[in-house]
Protein chains: 2
Amino acid sequence: MTTVDHLRQVRLGNLRTVLLALVDRPGSRADLAARTGLTKATLGNLTEPLLASGILVEEPATLAGMGRPSKPLRFHPDGPVAVGAEINVSHLAVETLGLDGETLERRLVPADMRGATESEVLDRVAELIREVTGPRKLLGAGLAIPGVVHDGIVIRTPNLPGLVGSPLAEGLGRRLDLDVELDNEANLAALAHLWPHHLAGEDFVHVTADVGIGAGVVLNGEVYRGVSGFAGELGHVVIERNGVPCTCGSRGCVERYAGLDVILREAGRRTLNSLRKALDSGDPKAARAVRDAGEALGVGLATLMNLFDVPTVVLGGSYALLHDHLSAAVQSEMDGRVLAGGERHTRLLASPLGEFAVARGAAGLVTRRAVQQPERLFA
Amino acid sequence: MTTVDHLRQVRLGNLRTVLLALVDRPGSRADLAARTGLTKATLGNLTEPLLASGILVEEPATLAGMGRPSKPLRFHPDGPVAVGAEINVSHLAVETLGLDGETLERRLVPADMRGATESEVLDRVAELIREVTGPRKLLGAGLAIPGVVHDGIVIRTPNLPGLVGSPLAEGLGRRLDLDVELDNEANLAALAHLWPHHLAGEDFVHVTADVGIGAGVVLNGEVYRGVSGFAGELGHVVIERNGVPCTCGSRGCVERYAGLDVILREAGRRTLNSLRKALDSGDPKAARAVRDAGEALGVGLATLMNLFDVPTVVLGGSYALLHDHLSAAVQSEMDGRVLAGGERHTRLLASPLGEFAVARGAAGLVTRRAVQQPERLFA
DNA sequence: CCTCATTCGTTCAATGCTTGAACTTAGTCT
DNA sequence: AGACTAAGTTCAAGCATTGAACGAATGAGG
């Protein structure tokens, strides 16, 4: 700590609260002062360098009511942006996100990544990112993979075995000359529901089924990753201790009853689209397969809620598409098994974000860090 | 925010880090400066009012080595203390705790609280506290009950039904003219392993079996209580979705297989003491009952670890006493079911704290708050 | 016994951030 | 045109930390 670092910390903290207020919505200096509890004088001070460096713009005066008209500040439309990329078994997706939370570009390309090597994967991702971002100034990139990540290293990816142990973030960073942050797809899908906009409160679980089942847990407005990145492994919650053996070595894991592969097999379908059609046409075998999965998922979620005590579950990914045929069974198991008392309620929502949730969350990782550590904006 | 509140926050934050360093161990101003990263000048400033108000004392100079001898600072032995009380089905316990982490007094009295009313319970607790504390200056009291607490209100206490909805903290506070904080016994037993001394790291779960099974979850050095106080309800984690019905309305809850009442029944014993004797004399029925419970508990804990990703489980209360006959089965289920990868390890420990863990944790609630919000020390 | 080296603790001017009040600017309302 | 209102700026004051200088208290060595 040098002489005046304490003072600098105060300033950075205030800068952060101002930026958070601006993510919420644009506002004049006076408005921001009222919203943050700081004074107009401080707001003038804090925003000056942000305007000078092109992070913010001052809009033309708004003529509304009496008094001197205000000149609202907002994130500069040509300011720096973040990019997020998702590597998955069967596709790649990227999305660019402005500091204001607006999506600028998206791209999703089918691609069989199952046997690919690290450098093949990274080459394709880097190329896709270059196509999408063009010459814009980038704050950084977020990278999502279906697997467990700890300290920037891929620890476990049952479905992309070629990538275990790879320093993916570093590799992509070198290719693009950018800061890259790597995280689990479940965590990032959850983050997309928290940042830049609160879609499900500050405490919730986001559940998806792709090849496995992954849950992203948000506690107190932060994604909870656990000590080693293994938190939220809902797929391996046990619901029948002597049940079906699982590839993980355990028995009776939720994944073996509510995984997408299980649903499709039981329904006698090969694709999610075909399953949806069967459901829409009232096929009883399909309906039963989905309901059975919902029951198993509901038991696992009840256990999760008895441990985490969050009020909200968000069904995302494939589950969101099956929501109308799935949620009754899930809700019923949860109602019967989650401990009740006081004012406690549980909500079950379908994600509104669709297939770009993960890539958007990956980009959100970057914009969020930029806001929370504003010194990065000036670097 | 008034004019210089920001600066005041900086000072209070520094005061907190100094007090934390002192809880760790006493030290001279120069030593504390080195440990906290602050300067000697600041330390002189910060400690001056603490010495003046009798929170700290300056010990006589220590003659060790060259240079001017240092005068170590420590918490004043006659300074203010905290008291913690545990209300349980069959006993009351209290403990007084100094800011330095030393236990001053303890008292445990058998008492059947099952049918007691709020005021009967509080009268007895208040009397016990008065006996134990005498005329010492009290920082406050912590109160533990076997049940779910939210916003200072008892929401659920299956075993002390007379207390649901009672403002216990307020009632005890009035009787003793003190600040009283109410919390769940599982959370407080866990806190006792975190504060004032780290006995199991900063991330762990502490599990006890009394009438039910309760887990106190510590994440990142903080007790995690969840949105409504229901977090860590390990007893109602499902291990067999079509298993034994539970009083909670669900089926196959861990509690129905690993609860103390189940162990005793299966072992054909009436008390924990008698069970211990049977185990010591090699009774196979008792051993099997404990092992079966251990398997069920292990399945539940495996699920918990796949969700929370903490590296350590502490067995406390009755489980600590059964540790040697229980842990092999628990560990074996955990090894087989917790997702592995990277550097991940899991530890299973027996609590060293014994029957005062909960009361000590309740007192710790108060000393911890005093240290983390040092402004309270001067009020 | 006296001097030097060493470490502890205190004193003090400097730093830089927020603040409230006063002030300037730029509109509306009558 | 003059009063009124609200936005934004300027400025002296206040304050916690800091580093450097200083005073204090002891051990080592001659």
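Chain naming here is simple, since letters A, B, ... match the order of the sequence lines and numbering starts at 1 in each. Note that the coordinates shown come from a computational prediction; the quantities given were computed from them, not determined experimentally.
- Side-chain nitrogen and oxygen atoms of Arg29(A) include at least one within less than 4.0 Å of the OP1 or OP2 phosphate oxygen of dT9(D).
- Under 4.0 angstrom from either OP1 or OP2 of dT18(C) there lies at least one side-chain N or O belonging to Asn14(A).
- Set against dT18(C), dC8(C), dA16(D), the side chain of Leu46(A) has dT18(C) as its closest nucleotide.
- Nearest to the side-chain atoms of Pro69(A) among the listed nucleotides dA25(D), dA26(C), dT17(D) stands dA26(C).
- The backbone N or O of Gly216(A) lies less than 3.5 Å from no partner atom in the side chain of Asn187(A), so there is not a single donor-acceptor pair.
- In the set dT26(D), dA26(C), dC17(C), dC17(C) carries the atom at the smallest distance from any side-chain atom of Leu7(A).
- Judged by distance alone, with hydrogens and angles left aside, the side-chain atoms of Asp203(B) form a donor-acceptor pair with the main-chain N or O of Asn220(B) at under 3.5 Å.
- When distances are taken from the side chain of Arg68(B) to each of dA16(D), dG8(D), dG23(D), the shortest belongs to dG23(D).
- Considering only side-chain N and O atoms, His6(A) lies nowhere under 4.0 angstrom from the phosphate OP1 or OP2 of dC17(C).
- Of the side-chain N and O atoms in Thr39(B), one or more sit less than 4.0 angstrom from OP1 or OP2 of dT18(D).
- Which of dG8(D), dT10(D), dT18(D) sits closest to the side chain of Leu38(B) comes down to dT18(D).
- The shortest side-chain heavy-atom distance between Leu182(A) and Leu172(A) does not fall under the 4.5 Å cut-off.
- Rounding to the nearest 0.5 Å places CD of Glu48(A) at 7.5 Å from CG of Leu51(A).
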Can you list, pair by pair, the side-chain donor-acceptor contacts under 3.5 Å of residues 95-103 of chain B, counting residues two or more places apart and other chains?
unit_1, atom_1, unit_2, atom_2, d
Glu95(B), OE1, Arg106(B), NE, 3.2
Glu95(B), OE1, Arg106(B), NH2, 3.4
Glu95(B), OE2, Thr103(B), OG1, 2.7
Glu95(B), OE2, Arg360(B), NH1, 3.2
Thr96(B), OG1, Glu105(B), N, 3.0
Asp100(B), OD1, Glu102(B), N, 3.1
Thr103(B), OG1, Arg360(B), NH1, 2.9

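- Look at Arg11(A) and you'll find a side-chain N or O under 4.0 angstrom from OP1 or OP2 of dT18(C).
- Each of Leu43(B) and Leu15(A) has a nearest nucleotide on DNA chain C; the 5'-most of these lies closest to Leu43(B).
- Between dC12(C), dT17(D), dG9(C), one nucleotide has an atom nearer to the side chain of Lys40(B) than all others, and that is dG9(C).
- Residue Ala41(B) is in base contact, counting any heavy-atom pair closer than 4.0 Å across all strands shown.
- Across all strands, Thr42(B) comes closer than 4.0 Å to base atoms (heavy-atom distances).
- Nearest nucleotide to the Met66(B) side chain, out of dT19(C), dT6(C), dC8(C): dT6(C).
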